[in-house]
Structure formats: structure tokens, C-alpha cells
Amino acid sequence: MECYSTKDSQHRVPFREAVLRGLAPEKGLYMPAHLPRLPETFWEAFAEMSFPELAFEVCRHLLRGAIDEGALRNITTGAINFEAPLVQLDENVQVLELFHGPTLAFKDFGARFMARLMGHFMEGEERKLTILVATSGDTGGAVASGFWKTPGVEVIILYPSGKVSPLQEKQLTTLGENVEAVEVQGTFDDCQDLVKAAFLDEELNEKYLLSSANSINLARLIPQMLYYFRAYQQLLPADKKVVFCVPSGNFGNLTAGLIAFEMGLPVAKFVAATNVNNVVPQYLETGNFEPRPSAATISNAMDVGNPSNFDRMLELYDHDWGQLRERIAGFYFDDSETQGCIRQVFQTHGYVLDPHTAIGYLAIKAFQERMRDTIGVVLATAHPAKFAHVVEPVIGEAVPIPERLAVLAEREKKAVLLPAGFTAFKRWILERK
């Protein structure tokens, strides 16, 4: 598979190079030069496939020629070894639980796949791969877990000080070994800007072989599209049109769904659900994209004021606002509405939503006022125990903490505290041992 840059369609590289580089020149994002349609033979066997089989078959068609099929099967089987079940809340709304992996977040799919893929691509390389990751919440923990002790790879995770939940922070600051954490005195957007600036810095690139495990890396999106197929498979026979509602921050998750659609997955509509950091819903309403500094909310993983993957969304639909509006609807909600939703769903259904999934639930309900007779699938992006400090005061009950989260409470946090400027970050990364 060949990839091109969103900043220069003539810049073409093999898939391996796109994965190991992470970011294209001039802050471009890599895109597949061709998205294949899945053949009839795939759909004939689709209903009976296991999740690992489904993952392999989709990836095999997308990545044809880019990786040995035996290696690809090992990667998909090793990475996609936990389920993504649907839970029905009412007649027209299903919740797709994506938090059954090791760090209880949807980003486990991407991190585990990428760790194995990059490990495969680095076999025989003398230089170590240094992965820079900016996180607004769950990415850091998932990447730390997925890449922990991966041979030939080290990980540096940047996160905004005071803007991730306590358990999220423990997930990304307590592993050690080949994983280091940098606590940035700023926002997620500051962290993301530091990562992008590092990729463009000649001195850093001379010393390090840099890559990224954020959704700026195309390899993150590939495994994330797989659970859209798994969700649709669980709905068969689908007697209503299927709508996916995606709680969105940097918009990698929604972009992955769009790629699945372009490969042939039957989806009537995508719903982009955000908090008050609503630059994409506003674009879908007005046609104007106006990024701005992010505002802090209780749904912190979505606190993104300039989502990177918006460029990929534009590329998929030829920068055509009309096409994007036809494919995606946008809604946004504030903290008060989010808390009210958590309370209402718990009282009505006995189901506990984390604040991000609550925004997704609000959005699908709003959308179904416009488009009735649909099945809405809300992506549940994280286990509510990761946001117990938000959820428990709202529902008036304790949220049981799974054992693999509870054990983190006693572990020692280890992180380097740095200001948001690139000079300090560059000095630290050059001087570290």
C-alpha cells in the first residue's frame, strides 16, 4: 500500500515508511493512496467470522503488498484478542463497549496493533525507534501498556498537567522500563504542538528515529476501523439503517469509521459528538473551520481545539463541505448536559456512562429526532471507573473499579514536569540519557 501526504499529494511513500515516520513533511498526515472495496467473498463469510478473523481479512485487503500475510495474521491475532460487545439500552440505541482491553479504553485496539506492527517493521534495525505521543487522556495509558517492553522501541508520552483523571495519569506514569512521561504545563493542544515541532526539528531527527502513536499516525486508524465492522456484524440481520455516533476529540476514531465506510461497510450516517470544543460541529453547520484554544471540561479526552484528523476527513471527501455534511452530522453539549445525561441513563436503565460516552448518547438521541427508524450505535470509549471522580457524585453511588485499575493507586508516579515551550522540551530530550 502506498501513502501520500495531506500537504502534498505528490509526496508518496510505502506504508512501512509512513508508519515509522508518523508525520509527513510540513506537518502533513499520511493517507492511503487507494482504499479498496471489500469483495463479495468477504461479505459472504462476514456473519460467521470471529473478531480476529474479521480483523485479518479487512487488514489483508487494505494492506495488500505492504506486509507479509503471515506476519499480519500474527499481528491481528495478538492485538485483537478481546471483545467489543454491544449493549442495548433501548429499542433504537446500542452501546458499543470498547473498554474491555488492558487499559479499559478504546485506544487499546490501536496501541496493541501498532506496537506489534512497529516491532515487526523494526526487526533487523540497528537504531532504536523513539515514539512521541501527546495524550488528552486514554491514549497515553494505552500506548504505555501496548508498547511496554517492546524490543527496539522507546516511548515518550506528553500529557497536560492537571487535565487527565488521576487513574489515567497513573496508567501512563507508572510503568517505567522503555516508557517515559512528560507532564506539560499547558493544554493537550500544546502537547500536540510539541510533538509536531519535534518531527520537524533537524537536530532531533539526526539523533533520534522519531515516530508517533497518536492518531496522526495512519497505523492507529487501521485497527480502530475494525470494531465498526464488529458492531455491524452483531446487528445482523440489520432491519434498520445503522448510524454510528462517535464521541470525538482529535477525530481519529470518526475518521477510522469513515475509512470503514469507504471500504464498503453499510452506514447510513456518522454523528460527531463533542463537548464545548465544537469546531467540527460548527464547521458542519457553517462551512467555516475555525480552530481555537481548547477549553477544559469533564470529558477531558475530547478537549481538543484544533483536531489533527480534520485534514484527513477533508481528504476523504475532496475538501467538499457538502459531501461531509451528507456523511456526518455534528452535535455538542456542555458539562451540565453531560452530567444530566449520566444521571438520567443510570436512573432509567441502570447503566453507568463515562462523560465521553454520555455526550455520544445525547448526540444520538438528538440525531434520531431528525432521522427516525434507525439503530444508533454509540461508541463507549472508556470504562466509567476511569472517571469515577466525575460519575460518582452524579449517580450517588460508587463505581466498582476493575482490579487492573485498582492496583495502580499504590504505584509511584514518575514524570518530568516541563513548560509548554518547545525550547525546554528539546533541551530535555537532547540531554536525557
Side-chain angles (χ1 to χ4, degrees), residues 86-99 106 136-137 224 227-228 231 235 240-258 260-261 267-286 294-295 297-305 307 309-310 313 324-346 348-349 351-382 384 387 390-391 394:
L86 282 174
V87 175
Q88 186 168 354
L89 286 192
D90 60 42
E91 182 181 359
N92 295 317
V93 176
Q94 303 258 2
V95 174
L96 180 63
E97 292 187 342
L98 300 176
F99 49 70
F106 79 98
S136 57
Q224 288 182 210
Y227 42 71
Y228 289 91
L235 292 171
K240 295 181 180 179
K241 292 180 178 179
V242 177
V243 176
F244 283 99
C245 183
V246 189
S248 300
N250 216 18
F251 279 81
N253 210 358
L254 192 144
T255 304
L258 294 171
F261 171 78
V267 182
K269 197 87 169 184
F270 289 92
V271 177
T274 77
N275 55 30
V276 294
N277 296 286
N278 59 350
V279 293
V280 172
Q282 287 189 338
Y283 165 80
L284 293 169
E285 183 68 27
T286 67
S294 59
T297 73
I298 60 173
S299 48
N300 64 281
M302 297 156 65
D303 293 348
V304 182
N309 284 285
F310 182 72
M313 293 163 60
L324 276 162
R325 275 173 57 91
E326 183 177 337
R327 181 57 37 217
I328 309 165
F331 297 88
Y332 64 94
F333 303 91
D334 62 23
D335 283 353
S336 176
E337 292 169 305
T338 304
Q339 291 167 324
C341 177
I342 294 170
R343 183 181 301 110
Q344 182 263 322
V345 169
F346 181 69
T348 304
H349 302 290
Y351 190 84
V352 182
L353 299 172
D354 81 280
H356 309 79
T357 309
I359 287 176
Y361 183 85
L362 287 167
I364 197 62
K365 284 298 187 182
F367 175 78
Q368 287 179 327
E369 289 295 316
R370 300 181 185 175
M371 189 173 179
R372 299 182 185 276
D373 200 34
T374 59
I375 291 294
V377 178
V378 180
L379 275 59
T381 53
F387 300 92
V390 173
V391 174
V394 173

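From a predicted model like this one, the values you see are computed outputs, not experimental measurements.
Taking all atoms of both residues into account, the shortest heavy-atom contact from A358 to L353 is CA-CD1, 3.8 Å. Scanning all heavy atoms of the two residues, the minimum distance from M302 to T274 falls at CE-CA, 3.6 Å. Scanning all heavy atoms of the two residues, the minimum distance from V304 to G249 falls at CB-O, 3.4 Å. Smallest separation of non-hydrogen atoms from A329 and R370: CB-NH1, 4.5 Å. Annotation for P355 and F387: closest pair CD-CB, 3.7 Å, computed over non-hydrogen atoms. In terms of heavy-atom proximity, A363 sits nearest to A273 at CB-CB, 3.5 Å.
When the side chain to side chain donor-acceptor pair (under 3.5 Å) test is applied to D90, the partners found at least two apart in sequence or on another chain are K365. For F251, the ring pair (Phe, Tyr, Trp, His ring centres under 6.0 Å) test picks out no residue, with sequence neighbours left out.
By the neighbour-count criterion of 12 heavy atoms within 6.0 Å, atom CD of E326 is sparsely surrounded, having that number or fewer from other residues, nucleotides or ligands.
For an aromatic pair to be called close, the ring centres must be under 6.0 Å apart, and F310 with Y283 satisfies this.
By the 4.5 Å heavy-atom criterion applied to side chains, V377 and L235 are counted as neighbours. Side-chain contact between L86 and Q88: absent, with no pair of heavy atoms (C-beta onward) separated by less than 4.5 Å. With a 4.5 Å cut-off on side-chain heavy atoms, F244 and L258 do not count as touching.
Of the N and O atoms on the side chains of T286 and Q282, not one donor lies less than 3.5 Å from an acceptor on the other residue. A donor-acceptor contact under 3.5 angstrom links the side chains of D354 and T357, judged on distance only. With 3.5 Å as the limit, one finds no donor-acceptor pair spanning the side chains of D335 and N275.
A distance of 8.5 Å separates CG of D334 from CD1 of I359, quoted to the nearest 0.5 Å. If you take CZ on F333 and CD on Q339, they are separated by 14.5 Å, rounding to the nearest 0.5 Å. Distance check: K241 NZ to I375 CD1 gives 13.5 Å after rounding to the nearest 0.5 Å. The structure places CG of L379 at 11.5 Å from CZ of F99, a figure rounded to the nearest 0.5 Å. Atom OG1 in T338 sits 5.0 Å away from atom CD1 in I298 (nearest 0.5 Å). Residue F270 holds its CZ atom at 10.5 Å from CE of M313, rounded to the nearest 0.5 Å.
Judged by distance alone, the side chain of S248 and the main-chain N or O of V246 form a donor-acceptor pair under 3.5 Å. Without hydrogens or angle criteria, N277 side chain to G305 main chain gives no donor-acceptor distance under 3.5 Å. Looking at N250, its side chain never comes within 3.5 Å of a backbone N or O of G252 through a donor-acceptor pair. One N or O on the side chain of T297 and one on the backbone of S299 form a donor-acceptor pair closer than 3.5 Å. Checked by atom type and distance alone, the side chain of H356 never pairs as donor or acceptor with a backbone atom of A382 at under 3.5 Å.
Results of the side chain to side chain donor-acceptor pair (under 3.5 Å) test with N92 over Q368, K240, R372 single out K240 as the only residue that passes.
Using a 30° and 60° split on the angle between ring planes, Y361 and H349 fall in the perpendicular class, above 60°.
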